[in-house]
Structure formats: structure tokens, C-alpha cells
2 protein chains.
Amino acid sequence: MADEFDVIVIGGGPAGENVVDRAVRGGLTAAVVEERLAGGECSYWACVPSKALLRPIDLAGEVRRVPGLSLGEIDVAAVLAHRDEAVGRYDDAGQVRWIEGVPAEFIRGRGRLDGAKRVRVTTEDGGERVLTARQAVVLATGSKAAVPPVPGLAEADPWTSHEVTAATEIPERLVVLGGGVVACEMAQAMHGLGARQTTLLVRGGGLLSRMEPFAGELLAESFAEAGIDVRTGAGVVGIERPEPGGKVTVHLAEGPSLEADELLVATGRRPATHDLGLTSVGLADGANVEVDDSMRATGVPEGWLYAVGDLNGRNLLTHMGKYQARICGDVIAARARGEELSEMRDLADGYGAPQVVFTDPQICAVGRTEAAARQAGFRVRAVDYDMGAVTGAYLLGDGYRGRARAVVDEDRKVLVGVTFAGPGAAELLHAATIAVTAEVPLDRLWHAVPSFPTVSEVWLRLLEAYGL
Amino acid sequence: MADEFDVIVIGGGPAGENVVDRAVRGGLTAAVVEERLAGGECSYWACVPSKALLRPIDLAGEVRRVPGLSLGEIDVAAVLAHRDEAVGRYDDAGQVRWIEGVPAEFIRGRGRLDGAKRVRVTTEDGGERVLTARQAVVLATGSKAAVPPVPGLAEADPWTSHEVTAATEIPERLVVLGGGVVACEMAQAMHGLGARQTTLLVRGGGLLSRMEPFAGELLAESFAEAGIDVRTGAGVVGIERPEPGGKVTVHLAEGPSLEADELLVATGRRPATHDLGLTSVGLADGANVEVDDSMRATGVPEGWLYAVGDLNGRNLLTHMGKYQARICGDVIAARARGEELSEMRDLADGYGAPQVVFTDPQICAVGRTEAAARQAGFRVRAVDYDMGAVTGAYLLGDGYRGRARAVVDEDRKVLVGVTFAGPGAAELLHAATIAVTAEVPLDRLWHAVPSFPTVSEVWLRLLEAYGL
């Protein structure tokens, strides 16, 4: 087995896979080093299982809003079994075959940088392989849940996104620390599947604080109606869990303590760059690996190191990691030929990455919020529209509630941000992503007629609200 | 009551309402003449009730594909009651108030052109009013179902879109003549609501013949699985219905006759321009009223006559009628000021109007099909993708089947047509409508990253299939 490759990728998640795919297509040889499962966090312990758990809850919500339909109890065992199927029963044989079919070599083990262009792999059987890259090493190890330094929290061995998406039993009483995407999605999934007492403890003032304020407000209303307890401004001062896996007591800065059967920590992510050998190439252990728009790590001489996905800290989203990976793979292949593909640069992260939150209501956004746009110096005007007033939304269900916002750059008359919040809004987003990314002028968007009666008619209403 | 207005609109459907709204906003006075209900065919006997009937069927289909959910019998009475609510119980008081609030005068009666700038209205009580337009008369009377000249068909008093969307009882056995949008949507709705024996008799070779061939093929598969009988190449030679409202016998060119409890004719539309006074201004009675891109009727001296919506024959779709109406209202107001708003021209109809078919699978398309694009002289390449292979689609339900096609103009590297067929595909369309209308270059579309895991990821797959 040759231990020299054109490209060595550490991390076999979606980003790593895409680098290899594009680099090999560009004529290079490649190896992927992965410690756990090929396919990565996304396929087994994040996007895929979370959506498999959320889909029945979401659909049940839709059914309840449509007169004439009636739903039986959700069969939780069937939902969990379907989740298991969606994650391939945590078996990556298919993904490994895919990588090998690229073709690229799949090496299961822990990879660490060991100086320039060298990767040292500790294999599963405790052996070691030293790999050398002719062109580039690409880091794609992703991120891990960050556990905040609350006394007793780490010792309580709480769930993170990893464990909650793989749940085999649903706790009766669940406390969630956090108010971001993972916290909201998983609170809703667990509550819908039987966690009768679900409590979110949010440090800040509201849910989904990086999005337009109305998004978190609509979600909080929906949670309140469903009986999910959201406590904002909640300070957690200590955790007690005397028995491993047993009851948890959460001590709060104010008010009585909470008892729960399980605790989910969803307060953020940190790059999975600890013990990755970064110091061997002059970078800081455990930090983000900063990159330029070709995905090349800055501050590493001779430019052979690249980083794609969560660990570069740009946008911690599977699709952005994959996008960066496509650029990275193409750029490495081009540079190996002595070319610069100048159009292969990361533009999308700069516009503000698209993101969907699969709660009920679904929330999605691309570009900048109104506040973020102002802060970045844009002269903007935001227009809102009540999505429940769109005929197509009304026809989806009784009492449809939602809201849309378009943020217009007044100097260039293009959209710099769009947010939709409402049931089934997820697929509305890509239209906005195209409009923002292609900087389509408003007076051209005016001629893009939404079909009646779709929810997309909100586009017409937003343009009318703007005065067009 | 003054009988002189700047603008007189004959037809108070969505297109007429939009003309008035924009013209009045532009400083003009206006009247709307409507024989039946303000809000028009769309609100009471087409888009709105059909979608109200289809939504529970569609959602039931989605539920069946999601493990863990179980559905009770559809409560047909509740569905029909909700349809009645969606159409405002066929009461247009709210719509009339809306028109009066524009403000514009609402005149209930039959309007007919009576020479230049004059409209003669036969009012409900049999009286007559003669109205004079200072600036323009706008025709917006829409279209009616065309009943083909099959012996016995007219005498059988069959259902058209009008009656089927207003059904108060569901026939056990329904025969549908036609294979277009209305035929497919209503066959599915009626079958889902209890028309156990639903038979489509399609003259041509397949369903939805104006769309990409795979769309009709996927729909035919879905119909076959549901037990809807689709007979292509079916020649209907005669209809017998001895008792009004009684059993219908449909005689076919080949094979045994069919017995049914009701017959739906959905074989096309004709402009509602008969007995509209067109001959008084030199136009042909009953024909389409041809217009230029400012919606002004061609061939009428002094340019005071306009026509928007179905009767101009451009694209018989509510949203296109409304779009034309916005242009028309703005143009009339501008011309009254002695201005030409050159950017207010109908571009969208020329690109190929967006359309959604709310069947299961949903089918939607914008721009040109591959065949139509070639016929129009474009040098195109079409790329397809199996939507069931998109993770976001797989997560929507077991056995998700769908297909997408992008038609690329190879000379300009822009999309000239996009079609999606698959469950829940309706809201995917607007992204394509923006891409086609704004002629976004493919290499820019490449940077518009679809969110994972949405169905919109098919955009990435289409671009990859193209080679990007």
C-alpha cells in the first residue's frame, strides 16, 4: 500500500468526501483518514437523524391544521426505527464504498499532522501509518459540542447533539441548555416524541438569537402553545447527578431548582482541532484553522495546508462545508497543474450562509439580518409581510402563522438578507439564496412571478410592501 | 353617481382587481363591472377551492410515507365545509369592500363594450348604465371551460371546473375528459374524497402534455398506484344521459362504453369574450383579445382598450393575469400623465410562465421544456436528476419519487427551463422562476448553496450533473 498521496484529507464527513471527489476528478490521488464513521457527524449524529426525528412531528403539526384529517398517536418506536434506517444503522460500509469508488483510499484511524505535508495515523488496531502528501493536506474534522464550565455539568455526562439524535429512549423530563438551532430542534423532537416536561434554559434574551428577532418570537409562541417551557435569561449555576444516567438536578441563579431525567447541552460548538498535530505546523492546538477564500490555511509556509467545514469557523453548516470542499478540491487540483482557478473562491460564506431550522414553524434565512446589515455598514430598508395573509399559506392549514422579511440594500437595490418563518417554509429559502447570491436587482425580481396559490407568493407581497 | 371614470374594468377577478388597484394608486378613478362575484373564477371556482380540496389528499399522501404516523379516514364533510369557508361561502362582500376601499366603484352587472371608451352595463335589476372612460377600458373577463363537440356532451350538462370545485356530493363513479391540469387535479381530489371509480379519458398520448414528458409519466404512475384509471388515446364518440343529473354513458371509439355517475369536462378553455361587445370596436366576438407587451389591445385605434388575464391568450394562469394587470394599471396611469413606463412591459410571459400542478406528486415548471426550447431555436442541453436521491427528499418520506430537469441555453449558459416533479415540490419553483427570469449565469448559480437537508439540494445535483 503506497503511503504517498497527492492529497490527504483528515476527516471523512461530507466536507472531506467532497474534497476527495473533486480532487480526484481533477486527476489527483487521495486518501481519507477518519477515526469514526465515513459520512461524518452530519450523517449519523446531526442533520440526518435530527430531521428523521423531526419529520413526523412536523407533519403531525401540519395535519392538525387541516380540517378533515385525524391522526393516531405517534408510534415512537417506529420513528426511532426509521431514524436508525436513515443513519444506516450507524454502519458506514456504504460510505466507505463510495469513497473507495471515487477512487480514494479510506484509512480508518486517528490522523494527526506531523510537520509539513505529513500525517501520522494511529489505526484501529493501535498500529501507525505515516502518510505523505505530494500536494496538500486538508483538515476536515468538523466540530464538537462545547460544554460550558458550569460546576457539575461535565461530570453529569449530559447529552449533546450526538446523544440526543441517537436516543433510544425518550426521557419524560428533559432540560435543554441553549436556545440555538440544535436546542430548538431537539427540544421540539423530544417533546413531540414524549418528553412531556421539556424545559429550555436560554442564557440570552430569546431563541435563535442570530436570526431576525421575529423568528425566535414566533418559535417561542409555538413552543408555549405546545407546552414547551422556554426560560430566557436563565443562569445555570450548578448541576448534580449523583447516579450516572440517573436523575439530574439543575440549580438556577434564581428560583427553585429543576429536576429532570436527562440534560441536553446545546450551547455552541468548538472546532475539533485538539490533538490534531496543529502545533507541529505552527498553529494553535484546539483553535479554528483560519483560511483564505481558496480554503488554504493562512500562516502556514508553502501553502500546502487547507481546512474546510466547521473547523475553519466560517459557517458551521454541512452545506457550507461541502461548498468549501468543492472549491478546495478544485483549487488543489488546479494548483497541482500550475493553474489558479480564480472563479473558484468562497463567495457564499461572505454573503451570509443559508440556514434552515426544522422546527414548527420552520425558520430559514440567508444573507444578513437587518441589524447585521446595518452593522456592516449597508444602508438598508427592511420590509415585512405576514405570511398567514398569503392565500397559498392559508390553504396549507387553518391558522397558518408566519412572517417574512426582506432586507434591501438601498444603494444597490438588491437583497442582502431574507428570512422566512412559517410552517413548511424550508423550501422557500433557495429562491432567496439565488436572489442574494446573484444580486438580482429588485426591478428584475419584480418580473419573477410567483405561482398562485403557493406560499412563494410572499415574494410578490414583499416587493409590493417595498413599493414596487 | 358619476358615470365617467378614468378607467373602466370589465371583470372583477384577480386581474381586474389588480388593474384597478394600480391605476388608482397612479391617481386615476376607476370602476369595476362584474356580472357574478367580485374575486372571480379563481377565488370561487378554480384555484382556491381546488387547492382546498386537494390539500388534505396531498397531506394524507405525505403521512402515508412517514413511518410512525397513522391517519384516520378522511372526513369528507369537513373537507367540503372547509372548502366552503375558503371560498367565503360564495359571498363576495369582502371582495367588494376591498374594491370600494381602493377606492373604486363596484358595479354588479353585465358589461359590454359599446364603441370607443364606452361600456354599457345591464344591471342585476334589468336596468342599464352607460359608462364612459376618460383613459382606458380594460377587459378582464377571463375564460370558460371549452366543451368539445362530442354528440350528446353539451346536452348531458357535464361538470366543468366550475361545478367540480363546488361539489357538494362526491360521485362514486367519475369520468374525466381531459389530461391537463384541471383534469389531473380534480381526478385526484375526487378520487381521494370518495370517487372510487375515477377514469380519465385522454385524447393524446399522456397526462400534462405541455410539460416535460417525465412529469406526466410520474403522475400516471402515481394515479395507477392509487387506482385512478388513465386511458390515453381514448376517443369519445358520444354521451348519453337520459335523466338530468342521472347516470351517464360514455361511448368510446374502441371498447365497451363506460357508465358513470358524473362527467367532468376539462379539455381546455376558451376566452370569455362572447357577447362582450367586441364587434362594436372592430374585434371578433368570442376570440382572444390580442395585446402588446403593455397589455394594450392591438388593432384598436387610439389605443384606449387593454386586456389582461386569460382572455388575451398569453398564459391562462391567475398569477400571470395579475402580473399583466399590475403592468396594465401602471401603464395606463403613466400614459394618463403623458409618460411611458418603458420598464413596465410583460417580460415574464415570454420566458414561459411558471405553473404548479397540485397533484401527488406535485409538478411545477417554468420557462421552456427541452423540446420547446429546441423548437424555439435555442441550442440547449438538458440535465436530469432523480429527486428521490436527494437526502432532503428521502427524509420527507419513504419511497419518495421525483425528478428534476434543467434546460440550459448552451450559448449563454443560463437556464431557459426548469421542471420539478415530486411530493411537496411546489415551493421549489420560485427559485427556478428567479433563475430563469433574471438569467442568472450558471457559474453564479453555483455559489447559491442549497441548505442541507432540504429538497432544494437538487439544485446542487443538477449543476453537478451539468458538470459544474
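Only a predicted model underlies this, so the values are computations on that prediction, with no experimental measurement involved. Chain naming here is simple, since letters A, B, ... match the order of the sequence lines and numbering starts at 1 in each.
Side-chain N or O atoms of R55(B) include none that pairs as donor or acceptor with a backbone N or O of V66(A) at under 3.5 Å. Between the Q355(B) side chain and the S451(A) main chain, no donor and acceptor come within less than 3.5 Å of each other. Side-chain atoms of H319(A) come within 3.5 Å of backbone N or O of F452(B) as a donor-acceptor pair. Side-chain atoms of E427(B) come within 3.5 Å of backbone atoms of V455(A) as a donor-acceptor pair (strictly under, hydrogens ignored).
Among the candidates V356(B), V79(B), L347(B), the residue making the largest number of heavy-atom pairs closer than 4.5 Å to chain A is L347(B). Most heavy-atom pairs under 4.5 Å with chain A, from the set T391(B), V63(B), D443(B): that is V63(B). Interface summary for chain B: among D346(A), D58(A), T433(A), L54(A), the most heavy-atom pairs under 4.5 angstrom belong to T433(A). In terms of heavy-atom pairs under 4.5 angstrom with chain A, the leader among M320(B), R22(B), E85(B), R326(B) is R326(B). Counting heavy-atom pairs under 4.5 Å between each of C47(B), P453(B), A348(B) and chain A puts P453(B) at the top. The most heavy-atom pairs under 4.5 Å with chain B, out of D398(A), D330(A), V366(A), come from D398(A). Interface check for chain B: of the options G392(A), G424(A), A81(A), G68(A), the most heavy-atom pairs under 4.5 Å are formed by G68(A). Interface check for chain B: of the options P354(A), A78(A), A52(A), A77(A), the most heavy-atom pairs under 4.5 Å are formed by P354(A). Among D75(A), V48(A), L396(A), L71(A), the residue with the largest count of heavy-atom pairs under 4.5 Å with chain B is L396(A). Most heavy-atom pairs under 4.5 Å with chain A: of the set P67(B), P14(B), C364(B), G72(B), this distinction falls to P67(B).
V440(A) touches chain B through its side chain: at least one heavy atom from C-beta onward sits under 4.5 Å away, while N, CA, C and O do not. No part of L317(A) comes within reach of chain B, as not one of its non-hydrogen atoms sits under 4.5 angstrom from that chain. No part of V76(B) comes within reach of chain A, as not one of its non-hydrogen atoms sits under 4.5 angstrom from that chain. For L80(A), no part lies near chain B; criterion is any non-hydrogen pair under 4.5 Å. In this structure, the portion of L429(A) lying under 4.5 Å from any heavy atom of chain B is its side chain and not its backbone. For S70(A), the parts sitting under 4.5 Å from any heavy atom of chain B are the backbone and the side chain alike. Only the side chain of C42(A) has a heavy atom closer than 4.5 Å to any heavy atom of chain B. In this structure, the portions of S456(B) lying under 4.5 Å from any heavy atom of chain A include both its backbone and its side chain. Looking at L193(B), there are no atoms closer than 4.5 Å to chain A (heavy atoms on both sides), in backbone or side chain. Both the backbone and the side chain of I434(B) come within less than 4.5 Å of a heavy atom in chain A. Only the side chain of E464(B) comes within contact range of chain A, judged by heavy atoms closer than 4.5 Å. Contact of R65(B) with chain A is not made at all, since no heavy-atom distance falls under 4.5 Å. Heavy-atom distances place the side chain of L460(A), and not its backbone, under 4.5 Å from chain B.
One finds a salt bridge joining K322(B) and E457(A) here, because a Lys/Arg side-chain nitrogen approaches an Asp/Glu carboxylate oxygen to under 4.0 Å.
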Inset, instruction - Please assess L428(A) against H430(B) for the test side-chain contact (heavy atoms from CB on, under 4.5 Å), listing each intermediate value before the final yes or no. - result: CA-CA 8 Å; L428(A) 298 178; H430(B) 198 58; over 6 Å; no
Legend entry - side-chain contact (heavy atoms from CB on, under 4.5 Å) assessment of L59(A) paired with E62(B): CA-CA 8 Å; L59(A) 200 50; E62(B) 292 207 51; 4.1 Å; yes
Inset, instruction - Apply the test side-chain contact (heavy atoms from CB on, under 4.5 Å) to residues Y351(A) and V449(B): give CA-CA distance (whole Å), side-chain angles for both, the deciding distance (0.1 Å), then the verdict. - result: CA-CA 11 Å; Y351(A) 282 108; V449(B) 182; over 6 Å; no
Inset, instruction - Could you check I327(B) against W446(A) for side-chain contact (heavy atoms from CB on, under 4.5 Å), going step by step and ending with a plain yes or no? - result: CA-CA 11 Å; I327(B) 292 167; W446(A) 193 88; 3.7 Å; yes
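Less than 6.0 angstrom separates the ring centroid of H447(A) from the ring centroid of Y323(B).
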